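The block underneath contains the structure these notes are about, expressed in structure tokens.
Remember, it's a predicted structure, so these values are computed and weren't measured experimentally.
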Amino acid sequence: MNDNQQKNLQEIINHLKTSGFVYQNAEIYGGVVNTWDYGNLATQMMTEIKRLWVREFIKRENNYQIDSKIITNPLVWKASGHIDNFADYLIENKVNGKRYRADHIVKDLFPNINVEKATFSELEEIIKTNVKEFDGEKTEWTSIRPFNLMFKTQMGAIDSSANQTYLRPETAQGIFVNFKNVARTTRAKLPFGIGQIGKSFRNEITPRDFIFRTREFEQMELEFFCNPNEDEHYYKYWINKCKDFVQLLGLKNDNIRIRPHEQEELSHYSKGTSDIEYLFPFGWGELLGIANRGNYDLSQHMKYSNESLEYLNDDGSKIIPYVIEPSIGLDRLLFALLIDAFEVEQLVENDNRIVLKLDYNIAPYQVAILPLMKKINSKATEIYEKLLKETDIRVTYDEAGSIGKRYRRQDAIGTPFAITIDYETYDNNTVTIRNRDSMEQTRISIDEIESYLNKFKK
Ligand code: GAP
């Protein structure tokens with residue numbers, strides 16, 4: 001069995017909660033079901049993941065980035081198909097009024113059934129015939145019905161259906177409706193991409209598995225516009241790019257796989273989709289997706305807006321570009337990175353350490369400054385201040401408790417290096433630098449600290 005499936009998810013979640021990565025949302029009021037806030041450590045990581053996404057998907061690819069609104073004209077969602085098609089299969093147990101996603105029940109209880117291929121009525125039949133008890137209760141199931149995942153809201157002060165709109169369920173549509181604006185103002189030539197990072201909202205029937213499936217989450221999406229005859233080429237290109245990206249962040253190769261969707265499970269807009277899946281402790285799950293959306297979205301927006309979103313070729317001919325979309329959920333990626341990094345190591349008998357083996361580039365802190373003696377700390381504070389104020393290195397400082405305890409605290413939050421300032425530092429301006437993973441210590445001069453650390457920058 002792969003390592004990851006032996007990891008105890010509850011232990012990981014407890015660790016993330018107690019060490020300050022994640023807090024229960026509105027905890028002092030009893031919380032909100034499966035809704036989490038990110039603490040300082042997770043927020044630092046997410047900032048770095050987003051920075052690297054911008055570097056890899058926008059800057060280095062010569063693409064463009066926008067920031068569109070969460071609440072928009074509801075016609076956008078009519079045109080995109082979300083009002084009519086964006087639904088999950090809801091089934092209710094009449095005994096206690098609890099609602100579930102029918103495909104999740106079948107997937108959990110009958111792992112051999114391919115739920116992606118099953119129809120509404122097949123799922124209903126399986127559940128009604130076989131699931132007589134669920135969640136510790138007798139069952140009396142309703143029929144399955146589609147449940148639209150869009151969050152409804154009102155725009156403006158008048159509470160009327162004319163003002164009803166939605167929180168966006170994906171960032172992608174904000175890009176499609178701005179396609180013409182971006183093409184005109186940048187004078188970009190095909191192929192080119194437009195990306196954005198932002199919050200999306202889905203009224204999930206059963207948010208679950210910690211931050212894997214939540215009702216509010218962040219996406220990093222790129223819509224890559226190309227000539228219709230180039231779609232296959234760029235579809236493969238972006239699949240590879242996404243795989244490279246998650247590996248750049250440090251995910252282990254053994255824990256990721258590419259899964260092309262079967263015809264039956266393709267979304268209403270998709271000509272082809274591949275997921276990159278991650279081996280979570282609860283099994284393989286979608287981490288991110290790459291879809292060939294053809295010209296579905298631009299065509300739909302042309303139809304509903306009566307505006308041309310065609311692209312003018314140099315020879316004067318017009319086309320509706322095809323779109324390849326790599327779409328990454330930031331929260332889910334963060335979760336996978338934390339699970340991948342989490343290890344409990346036995347050092348000597350009865351002595352374990354929890355260590356997060358996060359890549360240097362996304363670790364919340366990259367180095368910790370630890371003066372051996374609290375009373376003699378002038379050199380330590382000097383080094384700390386210099387790294388803090390004069391470099392981009394994420395640095396923390398800790399002088400409380402024994403040096404062993406301080407190393408463990410840093411291991412547990414994933415700090416790759418710890419610098420100890422001792423008596424010798426005052427004699428010859430050298431410090432020890434400890435490697436989190438090997439726990440080896442090397443002596444280097446204070447002047448070398450920055451260049452030593454910068455070697456790990458990708
Ligand atoms: N624009 C295409 C799109 O939104 P999707 O497969 O529905 O496609 C893309 O979502 C990614 O967004 C997923 O692969 C996942 O990483 C993330 N995602 C989707 N729903 C989510 C949820 N409820 N909670 C957390 N992440 C989610």
Side-chain angles (χ1 to χ4, degrees), residues 19-21 40-57 59-60 220 241-256 330 333-343 345 353-371 379-380 382-398 403 406-422 425 429-458:
S19 53
F21 281 86
N40 177 55
L41 301 175
T43 307
Q44 296 301 326
M45 278 182 75
M46 289 162 94
T47 302
E48 293 312 307
I49 297 168
K50 287 189 270 191
R51 184 181 64 76
L52 289 164
W53 182 86
V54 171
R55 189 183 83 183
E56 295 300 317
F57 284 77
K59 180 176 181 298
R60 292 196 176 166
M220 305 184 289
K241 179 84 187 188
C242 286
K243 188 158 183 269
D244 290 347
F245 180 62
V246 296
Q247 287 179 328
L248 172 88
L249 300 183
L251 284 191
K252 296 184 192 86
N253 202 24
D254 284 351
N255 294 334
I256 52 180
L330 178 60
L333 180 54
L334 172 79
F335 194 23
L337 288 162
L338 289 165
I339 292 168
D340 224 51
F342 183 89
E343 285 183 22
E345 284 182 351
R353 72 161 181 162
I354 288 182
V355 52
L356 290 183
K357 294 190 171 171
L358 292 168
D359 183 86
Y360 176 82
N361 295 274
I362 57 163
Y365 292 114
Q366 295 170 306
V367 64
I369 307 299
L370 315 176
K379 289 253 183 210
E382 211 176 283
I383 296 168
Y384 175 58
E385 289 289 325
K386 185 166 188 293
L387 291 176
L388 200 61
K389 302 271 159 66
E390 295 173 27
T391 74
D392 289 334
I393 295 166
R394 293 185 295 284
V395 55
T396 183
Y397 183 90
D398 188 2
I403 193 71
R406 283 184 270 164
Y407 282 149
R408 295 298 162 81
R409 271 206 288 271
Q410 296 304 325
D411 292 345
I413 62 168
T415 312
F417 296 101
I419 287 178
T420 313
I421 289 83
D422 53 21
T425 311
N429 274 332
T430 63
V431 293
T432 60
I433 185 156
R434 171 186 178 269
N435 182 305
R436 173 197 66 201
D437 300 343
S438 66
M439 294 187 282
E440 270 169 22
Q441 302 193 19
T442 320
R443 216 156 177 107
I444 61 171
S445 93
I446 291 177
D447 295 342
E448 283 174 305
I449 293 175
E450 214 180 313
S451 59
Y452 183 95
L453 292 172
N454 280 339
K455 282 194 303 233
F456 298 91
K457 210 164 141 182
K458 286 184 195 159

Checklist entry - So, the side chain of Thr391 versus the backbone of Ile393: is there a donor-acceptor pair under 3.5 Å, distance only? => result yes
Checklist entry - Yes or no on side chain to side chain contact (heavy atoms under 4.5 Å, CB included) for Glu343 and Arg353, after CA distance, side-chain angles and deciding distance? => result CA-CA 8 Å; Glu343 285 183 22; Arg353 72 161 181 162; over 6 Å; no
Checklist entry - Between atom CG of Leu358 and atom CG of Asp437, what is the distance when rounded to the nearest 0.5 Å? => result 9.5 Å
Next on the checklist: Checking Tyr407 against Thr420: is there a side-chain donor and acceptor pair closer than 3.5 Å?
Outcome noted: yes
Checklist entry - Do you see a donor-acceptor pair shorter than 3.5 Å between the side chains of Asn40 and Thr43? => result no
Checklist entry - Counting only N and O atoms by type, is there a donor-acceptor contact under 3.5 Å from the side chain of Gln366 to the main-chain atoms of Tyr360? => result yes
Next on the checklist: Apply side chain to side chain contact (heavy atoms under 4.5 Å, CB included) to residues Leu338 and Leu334 and explain how you reach the verdict.
Outcome noted: CA-CA 6 Å; Leu338 289 165; Leu334 172 79; 3.9 Å; yes
Next on the checklist: Does anything in residues 449-458 form a side chain to side chain donor-acceptor pair (under 3.5 Å)? List the pairs, not counting sequence neighbours.
Outcome noted: Asp359-Lys458
Checklist entry - Can we say Arg434 and Glu440 salt-bridge, meaning some charged N sits less than 4.0 Å from an Asp/Glu carboxylate O? => result no
Donor-acceptor pairs are to be reported for all side-chain atoms of residues 241-251 against protein atoms at under 3.5 Å, with residues two or more places apart or in another chain.
unit_1 : atom_1 : unit_2 : atom_2 : d
Lys241 : NZ     : Glu56  : O      : 3.1
Lys241 : NZ     : Glu61  : OE2    : 3.0
Gln247 : NE2    : Asn253 : OD1    : 2.7

Checklist outcome for this item: In this structure, CD1 of Ile419 is separated from CD of Gln441 (nearest 0.5 Å) by 11.5 Å
Checklist entry - What closest approach, in Å, do Ala42 and Phe21 show between heavy atoms, and which atom pair accounts for it? => result CB-O, 3.2 Å
Checklist entry - Between Arg443 and Ile433, is there a donor-acceptor pair closer than 3.5 Å when you use the side chain of the first and the backbone of the second? => result no
Checklist entry - Would a distance-only check, ignoring hydrogens and angles, find a side-chain to backbone donor-acceptor pair under 3.5 Å from Arg436 to Leu356? => result yes
Checklist outcome for this item: Separation between NZ (Lys357) and CG (Asp411), nearest 0.5 Å, reads 9.5 Å
Checklist entry - For the side chain of Asp340 and the backbone of Phe335, is there at least one donor-acceptor N/O pair under 3.5 Å apart? => result no
Checklist entry - So, the side chain of Arg406 versus the backbone of Asp398: is there a donor-acceptor pair under 3.5 Å, distance only? => result yes
Item to check | Spacing of CG belonging to Leu333 relative to NZ belonging to Lys50, to within rounding of 0.5 Å | outcome: 12.0 Å
Next on the checklist: I'd like to know if the side chain of Thr415 and the backbone of Ala368 have a donor-acceptor N/O pair within less than 3.5 Å.
Outcome noted: no
Next on the checklist: Any non-hydrogen side-chain atom of Leu330 less than 4.5 Å from a side-chain atom of Ile49?
Outcome noted: yes
Item to check | Expected output: side-chain Gln44 to main-chain Leu41 donor-acceptor under 3.5 Å | outcome: no
Next on the checklist: Could you tell me if Asn429 and Asp447 have a donor-acceptor pair between their side chains, going purely by distance under 3.5 Å?
Outcome noted: no
Next on the checklist: Taking the side chain as everything from C-beta on, heavy atoms only, tell me whether Ile446 gets closer than 4.5 Å to Thr430.
Outcome noted: no
Next on the checklist: Can you tell me how far apart CZ (Arg394) and CG (Leu453) are? Round to the nearest 0.5 Å.
Outcome noted: 11.5 Å
Checklist entry - Out of curiosity, Ile413 CD1 to Thr396 OG1, how far, rounded to the nearest 0.5 Å? => result 6.0 Å
Checklist entry - Salt bridge check: are Arg51 and Glu48 linked by an N-O gap of less than 4.0 Å? => result yes
Next on the checklist: For Ala363 versus Gly414, what's the shortest heavy-atom pair and its separation?
Outcome noted: CB-O, 3.5 Å
